[in-house]
Amino acid sequence: MGKRAVKRRQGGFNAEAYEEEKVRALFPGAGWSPDETDPMRDQRYIKSVKPRSEGQAVLMDAIDAHNLVLALGPAGTGKTYLAVAKAVEALESGEIGRIVLSRPAVEAGESIGFLPGAMEEKLAPYLRPLYDALSDRLSPKRLKSLMAEGLIEIAPIGYMRGRTLNNAFVVVDEAQNCTYAQLKMLLTRLGWNSTMVVTGDPAQTDLLPELSGLKPISERLADVDDIAVVHLKPEDIVRHPLVASMLEVL
């Protein structure tokens with residue numbers, strides 16, 4: 001014990017050498033620095049979401065101005081992400097009291113069979129896109145806390161009948177997989193001081209085309225005052241450029 005103490009006293013502690021050794025470049029010679037932030041992306045959990053296309057700007061303005069918005073457009077246009085981002089923004093600012101997420105449990109062309117667990121566990125695979133959008137807007141600890149308190153609620157479409165959603169921000173995702181009757185039931189859940197955003201792509205329904213109710217519902221609501229129906233286009237796609245190219249020919 002005494003020899004170790006003597007050795008430590010003889011060697012001493014070089015704070016400057018420790019700091020230099022502790023901080024190393026992750027990619028030597030790459031020339032990248034964490035200080036060089038992308039103007040389109042604020043590196044925090046609560047980001048300042050900015051529209052990246054004209055259609056996205058129209059959608060964001062519509063959500064701010066209307067209590068019911070239908071966002072229709074091809075995959076990759078940011079419909080779900082912008083809806084969830086606006087929901088988190090409204091919750092964090094105190095404008096609403098809870099977020100309600102709903103999505104039809106419809107497989108994309110194949111059956112995965114029965115899933116074990118409670119209702120939330122059964123729906124988790126179908127609601128993964130909504131979880132991804134939420135986790136990009138909130139820290140994991142904050143997201144877990146809000147879900148435990150019931151401020152972020154997962155509501156299966158089948159359990160929405162009879163409810164009145166007051167003081168809530170409701171996001172109905174993949175609405176092209178809902179029938180006309182289901183969408184009519186969902187839309188009439190809207191309560192006081194609430195906002196509902198319905199997103200979907202009528203061209204990618206996993207139901208028979210005649211069963212999907214999104215297109216006829218949007219056509220009928222387009223002429224109703226105080227309801228916004230926003231049509232996003234291939235030019236609004238923010239995924240890989242090949243996505244827009246493929247959708248033009250598929």
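In what follows, every heavy atom counts, from backbone to side chain, and hydrogens, waters and symmetry copies are set aside.
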Pairwise distance [atom1]([X]) to [atom2]([Y]) - rounded to 0.5 angstrom:
X      : Y      : atom1 : atom2 : value
Ile154 : Arg103 : CD1   : CZ    : 12.0 Å
Ile99  : Ile152 : CD1   : CD1   : 4.5 Å
Leu183 : Lys215 : CG    : NZ    : 14.5 Å
Ser53  : Glu235 : OG    : CD    : 9.0 Å
Asp225 : Asp223 : CG    : CG    : 9.0 Å
Lys144 : Ser135 : NZ    : OG    : 14.5 Å

Counting only heavy atoms not in Arg161 (residues, nucleotides, ligands), do more than 12 fall under 6.0 Å from its CZ? no

If we ignore hydrogens and angles and just use 3.5 Å, is the side chain of [X] paired with the main-chain N or O of [Y] as donor and acceptor?
X      : Y      : value
Glu149 : Leu146 : no
Ser145 : Lys141 : no
Asp236 : Lys233 : yes

Apply the test salt bridge (charged side-chain N to carboxylate O under 4.0 Å, His left out) to residues Glu95 and Lys86: give CA-CA distance (whole Å), side-chain angles for both, the deciding distance (0.1 Å), then the verdict. CA-CA 11 Å; Glu95 297 177 15; Lys86 282 292 186 180; over 6 Å; no

Beyond-backbone contact of [X] with [Y], side-chain heavy atoms, under 4.5 angstrom:
X      : Y      : result
Met147 : Leu134 : no
Val171 : Val100 : no
Asp226 : Asn67  : no
Phe169 : Val197 : yes
Arg163 : Leu165 : yes
Val49  : Arg137 : yes
Leu70  : Val230 : no
Leu68  : Leu187 : yes

Is a donor from one side chain sitting under 3.5 angstrom from an acceptor on the other, for [X] and [Y]?
X      : Y     : value
Asp136 : Tyr81 : yes
Gln56  : Glu54 : no
Glu89  : Ser93 : no

Working note: Leu190 + Val170, criterion side chain to side chain contact (heavy atoms under 4.5 Å, CB included); need CA distance, chi angles, decisive distance, verdict. CA-CA 8 Å; Leu190 189 65; Val170 186; 5.5 Å; no

Path from Val238 to Met60 over hydrophobic side-chain contacts below 4.5 Å: no

Any link between Val224 and Ile217 through a network of hydrophobic side chains (Ile, Leu, Val, Met, Phe, Trp, Tyr) touching at under 4.5 Å? yes

Salt bridge or not for Arg142 and Glu92, using N-O below 4.0 Å? yes

Please find the pair of heavy atoms, one from [X] and one from [Y], that lie closest to each other, and give the distance.
X      : Y      : value
Cys178 : Leu186 : SG-CD1, 4.3 Å
Ala83  : Thr199 : CB-CG2, 4.3 Å
Ala87  : Ile96  : O-CD1, 4.3 Å
Arg98  : Gly150 : CB-O, 4.3 Å
Thr205 : Gln176 : OG1-O, 2.9 Å
Val198 : Ala175 : CG1-CB, 3.3 Å

Please report the C-alpha distance between Tyr180 and Arg220 in whole Å, then the side-chain angles of each, then the deciding distance to 0.1 Å, and finally whether the side chain to side chain contact (heavy atoms under 4.5 Å, CB included) criterion is met. CA-CA 11 Å; Tyr180 188 96; Arg220 295 192 178 192; 3.0 Å; yes

Solution key, residues 71-80 side-chain donor-acceptor pairs under 3.5 Å, sequence neighbours excluded:
from	atom 1	to	atom 2	distance (Å)
Thr77	OG1	Pro74	O	2.9
Lys79	NZ	Gly73	O	3.2
Lys79	NZ	Pro74	O	3.1
Thr80	OG1	Asp173	OD1	2.6

Residues at least two apart in sequence or cross-chain that pass side-chain contact (heavy atoms from CB on, under 4.5 Å) with Asn166, listed by chain then number, are Thr164, Trp192

